[in-house]
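Only this structure's heavy atoms are used, side chains among them; waters, hydrogens and symmetry mates stay out. Counting convention: from 1, in listed order, for ligands and their atoms alike.
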Amino acid sequence: MTQQTPSRDRVALITGANRGLGRSTALRLAAEGVDSIITYRSHAEEAQAVVDEIAALGRTAHALRLDTGRTEDFPAFVAEVRRALKDTWGRDTFDYLVNNAGQGTAATIEDTTAEDFDALFAVHVRGVFFLTQALLPLIADGGRIINTSSGLARFSRPGMAAYAMTKGAVEVFTRYLALELGRRGITANTVAPGPIATDFGGGYLRDDEALRAHLGAETALGRVGVAEDIGGVVASLLAEHTGWINGQRVEASGGTLL
Ligand SMILES: NC(=O)c1ccc[n+]([C@@H]2O[C@H](COP(=O)([O-])OP(=O)(O)OC[C@H]3O[C@@H](n4cnc5c(N)ncnc54)[C@H](OP(=O)(O)O)[C@@H]3O)[C@@H](O)[C@H]2O)c1
């Protein structure tokens, strides 16, 4: 089975959707008629604001707290997701998993500590792998998974080695997901954003005009991205007519370092 069933409300689960790219994805999906379970790590009030914005668009959302670096919390989180699905949508499955949550730290290879390295891999690799594993029974057959990589898995910048390595792992994981889940009609793809001016990494790009200009000059479209550039890309890979795209990496960078 490769087609989804459009007759019921479609539900996405988006990690790290209280701000940035996850928020943009949740709002874009809502505009296209998709409900969401959004997760936040520490900003409950931002998550509630996103829930309210989605309601204003005429769709339903539910916010749950999750630290994707804490695999030991995943069984309780899955139980909460089950409850939310039952209570809010009368379902025991959802349709789309968007693994988006993440944080960035920059350090040269010489300066990267084992703690920094492990923290990045805990969230971006271990967390993505085991959260997806834990949620697999709840993803409807015919559903979709989008993982979040980075342009930095294709091009390189000093200070980003450990972070970019995690994104390389995410891209490989995505191909294996596509391979193993094909029997259930579930597709898996990676979206790899270029530089986007968000709160990411403490907002170093958003707050540095000279850096934005420098990176924008390396981009065919002449600027760095904003969060809204990404939500539509993710939503389009979750649209009913794009289900034949599977196991792919889609870079959304405005044409960076072509
Ligand atoms: N911005 C870029 O230039 C860029 C480029 C390529 C790829 N990406 C990737 O895109 C994704 C989103 O980035 P963004 O720019 O939207 O960043 P952002 O604005 O800093 O938002 C990050 C989101 O992830 C959540 N989060 C962070 N660490 C978490 C953890 N351990 N457990 C659960 N949630 C966590 C945050 O929750 P709280 O706010 O509640 O802490 C927030 O919702 C990340 O995977 C990042 O690697 C970003």
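- Shown are Thr174, Thr148, Asn147; of these, the side-chain hydrogen bond (donor to acceptor under 3.5 Å, both in side chains) with Thr190 is made only by Thr174.
- Here Thr148 has side-chain heavy atoms under 4.0 Å from ligand 1, and that is the only part of it that gets that close.
- At least one heavy atom of His124 sits less than 4.0 Å from an atom of ligand 1.
- Across the listed options Val226, Ile230, Asp199, Asp199 owns the non-hydrogen atom lying nearest to atom 19 (O) of ligand 1.
- At the shortest separation from atom 6 (C) of ligand 1 among protein heavy atoms lies Pro193 O, 3.3 Å.
- Residue contacts with ligand 1: Leu21 is placed with a nitrogen or oxygen under 3.5 Å of a nitrogen or oxygen of the ligand (distance criterion only).
- Of all protein heavy atoms, the one closest to atom 28 (N) of ligand 1 is Arg41 NH1, 3.2 Å.
- Ligand 1 has no N or O atom lying under 3.5 Å from any N or O atom of Thr39, backbone or side chain.
- A salt bridge between Arg126 and Asp118 is absent, with no side-chain N of the basic residue lying under 4.0 Å from a carboxylate O of the acidic one.
- Ligand 1 has Val123 within reach: a non-hydrogen atom of the residue lies less than 4.0 Å from it.
- Side-chain N or O atoms of Thr88 include none that pairs as donor or acceptor with a backbone N or O of Leu85 at under 3.5 Å.
- If you number the atoms of ligand 1 from 1 as listed, the ones under 4.0 Å from a heavy atom of Gln103 come out as 28 (N).
- Contact atoms of ligand 1 toward Pro195: 3 (O) (distance under 4.0 Å to a heavy atom of the residue).
- Annotation: Ile109, atom CD1; neighbour count of heavy atoms from other residues, nucleotides and ligands within 6.0 Å does not exceed 12.
- Counting only heavy atoms of the protein, atom 42 (C) of ligand 1 lies nearest to Asn18 OD1, 3.7 Å.
- Ion pairing between a basic and an acidic side chain is recognised when a charged N comes within 4.0 Å of a carboxylate O; Arg59 and Asp9 show such pairing.
- By the 4.0 Å heavy-atom criterion, Ser149 is counted among the residues contacting ligand 1.
- When the options Phe200, Tyr163, Tyr204 are ranked by their closest heavy atom to atom 8 (N) of ligand 1, first place goes to Tyr163.
- Within a 6.0 Å radius of CD in Glu209, other residues, nucleotides and ligands contribute 12 heavy atoms or fewer.
- Within the listing of ligand 1, atoms 38 (P), 39 (O), 40 (O), 41 (O) sit less than 4.0 angstrom from a heavy atom of His43.
- A salt bridge is absent between Arg65 and Glu80; no separation between the charged side-chain nitrogens and carboxylate oxygens falls under 4.0 Å.
- Regarding atom 3 (O) of ligand 1, its nearest protein heavy-atom neighbour is Ile196 N, 2.9 Å.
- A salt bridge does not link Arg70 with Asp67: every distance from a Lys NZ or Arg NE/NH1/NH2 to an Asp or Glu carboxylate oxygen is 4.0 Å or more.
- Ion pairing of Glu171 with Lys167 is absent here, as no side-chain N (NZ or NE/NH1/NH2) approaches a carboxylate O to less than 4.0 Å.
- Backbone and side-chain nitrogen or oxygen atoms of Tyr40 are examined, and none is located within less than 3.5 angstrom of a nitrogen or oxygen of ligand 1.
- When each atom of ligand 1 is checked for a heavy atom of Asp67 under 4.0 Å away, the hits are 30 (C), 31 (N), 32 (N), 33 (C).
- Side-chain contact between Val250 and Asn189 is absent, with no heavy-atom pair separated by less than 4.5 Å.
- Of the heavy atoms in Ser42, both backbone and side-chain atoms come closer than 4.0 Å to ligand 1.
- The shortest contact between atom 33 (C) of ligand 1 and any protein heavy atom is with Leu66 O, 3.1 Å.
- Residue-to-ligand polar distances place Lys167 within reach of ligand 1: an N/O pair is separated by less than 3.5 Å.
- Ring centroid separation for the pair Tyr163 and Phe200 comes in under the 6.0 Å cut-off.
- In terms of polar-atom proximity, defined here as any N/O pair under 3.5 Å, Gly16 does make such a contact with ligand 1.
- For Phe130 and Phe74, the gap between ring centers reaches or exceeds 6.0 Å.
- Ligand 1 has no nitrogen or oxygen under 3.5 angstrom from a nitrogen or oxygen of Glu46.
- Between Arg23 and Asn18 the shortest side-chain heavy-atom distance does not fall below 4.5 Å.
- Taking atom 34 (N) of ligand 1 as the reference point, the nearest protein heavy-atom neighbour is Ala101 CB, 3.4 Å.
- Nearest non-hydrogen protein atom to atom 24 (O) of ligand 1 is Gly102 N, 3.4 Å.
- The protein heavy-atom contact nearest to atom 4 (C) of ligand 1 is Gly194 O, 4.2 Å.
- A salt bridge is absent between Asp87 and Arg91: the closest approach of a Lys/Arg side-chain nitrogen to an acidic carboxylate oxygen does not fall below 4.0 angstrom.
- The distance criterion of under 3.5 Å between nitrogen or oxygen atoms is not met by Ser150 with respect to ligand 1.
- Every atom of ligand 1 is numbered from 1 in the order shown, and the set under 4.0 Å from a heavy atom of Thr198 is 1 (N), 14 (P), 15 (O), 17 (O), 19 (O).
- Under a 4.0 Å N-O distance rule, the pair Glu240/Arg10 qualifies as a salt bridge.
- In this structure, the side chains of Thr39 and Leu13 come closer than 4.5 Å at one or more pairs of heavy atoms.
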